[in-house]
Undergrad: 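Structure provided below as structure tokens; questions to follow.
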Amino acid sequence: MALNEAWGPMASGRLFLRAPTATDLDALHQIQADPLTQRVKPGPVSRQASLELLQSWQLHWQRWGYGCWAMSLGAEAGDELLGFGGLMWQSVDGRQSLCLKLWLHPRAWGLGYATEMGQQALTQAFQELHAAAVLALVRPTDLPTRRTLERLGMRLKGALADLPGQAPSLLFEMTPAHLAHLAQSRSQAQPAPSATVSTFGALSA
């Protein structure tokens with residue numbers, strides 16, 4: 001399938017989002033091997049493991065026309081990669097589900113970039129893909145990602161023993177109905193947003 005123009009390359013808030021390329025391998029490996037990343041998202045740190053992950057993202061784009069974005073602040077800011085994130089189909093408890101993914105360099109934590117990416121991904125999941133739900137699996141140790149999911153308004157559904165010998169992952173969910181409820185609640189609590197403000201309003205902080 002050809003890349004879907006609705007999914008990039010594009011600007012979204014402060015971010016520039018595009019499909020990942022082979023030239024992103026060094027950046028991905030740096031993120032995965034960083035000691036802070038390993039503290040919250042432990043896993044393989046070899047360059048081969050990073051290559052296999054990157055290739056899986058590229059194959060997803062080729063099949064579906066969308067997937068994990070490479071995120072930067074754009075050419076005016078030097079186009080340095082902040083990380084990767086977006087939507088991927090994966091098996092969750094034996095069922096193929098659309099899931100929100102996030103790999104952000106520790107230097108970019110706490111600045112709202114992950115929330116901005118998540119806002120864009122969720123909006124397009126429901127507006128472009130008409131998804132029934134978006135899930136997210138997060139390791140119990142991965143507090144930065146968990147906080148991002150909570151800021152996005154995703155609800156904790158429970159836990160899933162998805163990795164043998166490790167503590168269960170936490171399972172979060174967003175549905176169109178819940179997103180609409182969040183948008184209504186915010187519109188009642190705040191002045192009406194201008195046409196250029198996203199559905200998520202002030203959540204990008």
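Being a predicted model, the structure only gives us computed values, none of them experimental.
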Undergrad: Are the charged groups of Asp24 and Arg18 less than 4.0 angstrom apart, N to O?
TA: yes
Undergrad: Evaluate the criterion side-chain contact (heavy atoms from CB on, under 4.5 Å) for residue pair Leu152 and Phe172; output intermediate values, then yes/no.
TA: CA-CA 11 Å; Leu152 288 169; Phe172 285 78; over 6 Å; no
Undergrad: Of all residues at least two apart in sequence or in a different chain, which pass the side-chain contact (heavy atoms from CB on, under 4.5 Å) check with Ala180?
TA: none
Undergrad: Measuring from Thr141:OG1 to Arg146:CZ, what's the distance to the nearest 0.5 Å?
TA: 11.5 Å
Undergrad: Quick check for you: to the nearest 0.5 Å, what is the distance between Leu53 atom CG and Lys101 atom NZ?
TA: 9.0 Å
Undergrad: Set out, in order, the CA-CA distance, both residues' side-chain angles and the distance that settles ring pair (Phe, Tyr, Trp, His ring centres under 6.0 Å) for Trp69 and Trp7, then state yes or no.
TA: CA-CA 9 Å; Trp69 289 300; Trp7 294 84; 5.8 Å; yes
Undergrad: Quick one: CG on Leu54 to CG on Leu28, what's the gap to the nearest 0.5 Å?
TA: 6.0 Å
Undergrad: Any chance you could measure Leu182, atom CG, to Met154, atom CE, to the nearest 0.5 Å?
TA: 11.0 Å
Undergrad: Is there a donor in the side chain of Glu52 and an acceptor in the side chain of Gln48, or the other way round, less than 3.5 Å apart?
TA: yes
Undergrad: Quick one: does Met71's side chain get under 4.5 Å of Phe16's, heavy atoms only?
TA: no
Undergrad: Between His178 and His181, how do the two ring planes meet: parallel, tilted or perpendicular, split at 30° and 60°?
TA: parallel
Undergrad: Taking the six-membered ring for Trp, are Trp89 and Trp64 parallel (under 30°), tilted (30 to 60°) or perpendicular (over 60°)?
TA: tilted
Undergrad: So that I can tick it off, tell me whether Asp26 and Arg47 are bridged by a salt bridge, with the cut-off set at under 4.0 angstrom between side-chain N and carboxylate O.
TA: yes
Undergrad: Which residues satisfy the side-chain contact (heavy atoms from CB on, under 4.5 Å) test with Ser97, sequence neighbours excluded?
TA: Val92, Arg95, Cys99, Leu135
Undergrad: Going by atom types alone, do Gln124 and Gln120 pair a side-chain donor with an acceptor below 3.5 Å?
TA: yes
